[in-house]
Amino acid sequence: MTHIYDQDKTYVLNLYDRLNINIINGEGSYLYDDQGNSYLDMFSGIAVNNLGHGNPEVKAAVMKQMDRYFHLSNFFPSEPVASLAKALVENSFASKVFFSNSGTEANEAAIKLARKYGLSKHADKTELLSFQGSFHGRTVGGMTLTGQEKYKESFKPVLPGVSHVIFNDLQDLASKVSDKTCAFFIEMIQGEGGIIEISEKFMNELVELSKKHDFLIIVDEIQTGLGRAGDLFAYEKFEFTPHVVTLAKSLGGGLPIGAMLVAPELESVLLPGDHGSTFGGNPVAAAAGTAVLKILTSNGFLDDVKSKSMYLIKRLNEIAHMHPEIIREVRGRGLIIGIEMYDDRANNVKTEALSKGLLLNVTRGNVIRLLPPLTISYTELDQFLAIFEGIL
Ligand SMILES: Cc1ncc(COP(=O)(O)O)c(C=O)c1O
């Protein structure tokens, strides 16, 4: 047992299934431990390190801001915060941004905005909808929206007025929306839920119903956002404009920051005093975020992500074809890709991969969830494919 593992076990509340590895450094697509081992990181801190580890431009932006100030209260405007908000607005449907520290807090802000919007229409327009199988965070609101019982059964009662619609099921949608609905929270691609994508048919119907019943469509892009799905936002694949988008994870390039992006017609729903956060929109994290966005929106970056995606999915399908007894399906887009396996093989593959210097993540029990750095090279993709194929 490494000293650090031991110390962590002794003093940190036991909520995570830690690996007995002491990571001391990260660079690009690799992490390095204190025993001289390197690990090819195929899940990027669960979609946080989208530009890999130690990106020099993000690091320079952070260091520059650290030299100026670490924190300002929200009594002051802050240059890095205003710059990041401007960059997000200029690259999205939104006209205003609220900053939080995490994804679940961005969703909490969106819940408050939705409830206030509903209440401004009539007294019982407070019902929230989300999908079965979804994941929206661990705070009480986020956990209630999350459509998986295991995350909330020990913590009841949860937030009232929340129902879950069967994923992509038009009939269930029709039976659950009404004039009492104030918002529907969706993930364009369910991440924790096993990399399954919302259908165009469902999306079209949802947009129609949102107009008919006057409810908000709130897109949780905390995992899919900022280049992960090949476009800056995963919603861009469809012909609709969200009312609200929530972000976090990759936004700060590894530093904690979340955001709620708000459409022009909704920017006056929440007013001074309605919401806030001491640390929300930390200047150092915001400086990192501006550097992240600059890279993502630079010429050719997202085209390159799409090309790598096509290559990886094609190669994975070839491998799946050769091992139909192990792999049930390869799915996803951009660099959020699920490899669904039969039985509990995904966890066996994950364990074997670790011993070969490859970091894999498994979700929903039997799905290997690939979330490599968007900056991964073709050589590194080939390295992953060779190790993966060897294990199969
Ligand atoms: C889609 C989605 N929403 C919300 C969250 C919660 O984000 P955070 O852990 O930053 O609170 C996550 C985290 O995995 C997520 O994937």
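Whatever order the structure lists them in is the order used to number ligands and atoms, beginning at 1. Note that these values count all heavy atoms, side chains included, but never hydrogens, waters or copies made by symmetry.
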Which residue and heavy atom of the protein sit nearest [atom], plus the separation:
atom	answer
atom 3 (N) of ligand 1	Asp220 OD2, 2.7 Å
atom 2 (C) of ligand 1	Phe135 O, 3.4 Å
atom 16 (O) of ligand 1	Gln223 NE2, 2.8 Å

Ligand 1 and [X], any nitrogen or oxygen pair closer than 3.5 angstrom?
X	value
His136	no
Glu187	no
Ala248	no
Lys249	yes

Specify whether the nearest protein heavy atom to atom 9 (O) of ligand 1 is under 4.0 angstrom away.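 Within 4.0 Å of atom 9 (O) of ligand 1, no protein heavy atoms are found.
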With under 30° as parallel and over 60° as perpendicular, where do the rings of Phe240 and Phe238 fit, or are they tilted in between?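 Tilted.
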Parallel, tilted or perpendicular: which one describes the rings of Phe202 and Phe131, with boundaries at 30° and 60°?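 Correct class here is tilted.
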Proximal atoms of ligand 1 relative to [X] (non-hydrogen, under 4.0 Å):
X	value
Gly103	7 (O), 8 (P), 10 (O), 11 (O)
Ser102	10 (O), 11 (O)
Gly137	4 (C), 6 (C)

NZ/NE/NH1/NH2 to OD/OE distance under 4.0 Å, [X] and [Y]:
X	Y	result
Lys212	Glu208	no
Arg228	Glu221	no
Lys116	Asp274	yes

Of Ile186, Ile222, Asn101, which has the heavy atom at the shortest distance from atom 5 (C) of ligand 1?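 Selected option, by shortest heavy-atom distance: Ile222.
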Can you see whether Asn22 engages Tyr5 through a side-chain donor-acceptor pair at a distance of less than 3.5 angstrom?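 The criterion, which ignores hydrogens and geometry beyond distance, is not satisfied for Tyr5 and Asn22.
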Could you tell me whether a side-chain N or O of Glu236 sits under 3.5 Å from a main-chain N or O of Phe233, the two making a donor and an acceptor?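 Indeed, once roles are kept as given, a pair shorter than 3.5 Å links the two residues.
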At a non-hydrogen distance cut-off of under 4.0 Å, which region of Thr104 contacts ligand 1 (side chain, backbone, both, or neither)?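 Both of them.
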Please say whether more than 12 non-hydrogen atoms of neighbouring residues, nucleotides or ligands are located less than 6.0 Å from CD in Glu27.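 No - once you tally the heavy atoms of other residues, nucleotides and ligands closer than 6.0 Å, there are 12 at most.
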Over 12 foreign heavy atoms within 6.0 Å of OH, Tyr32: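 Yes, the 6.0 Å shell around OH holds more than 12 heavy atoms from other groups.
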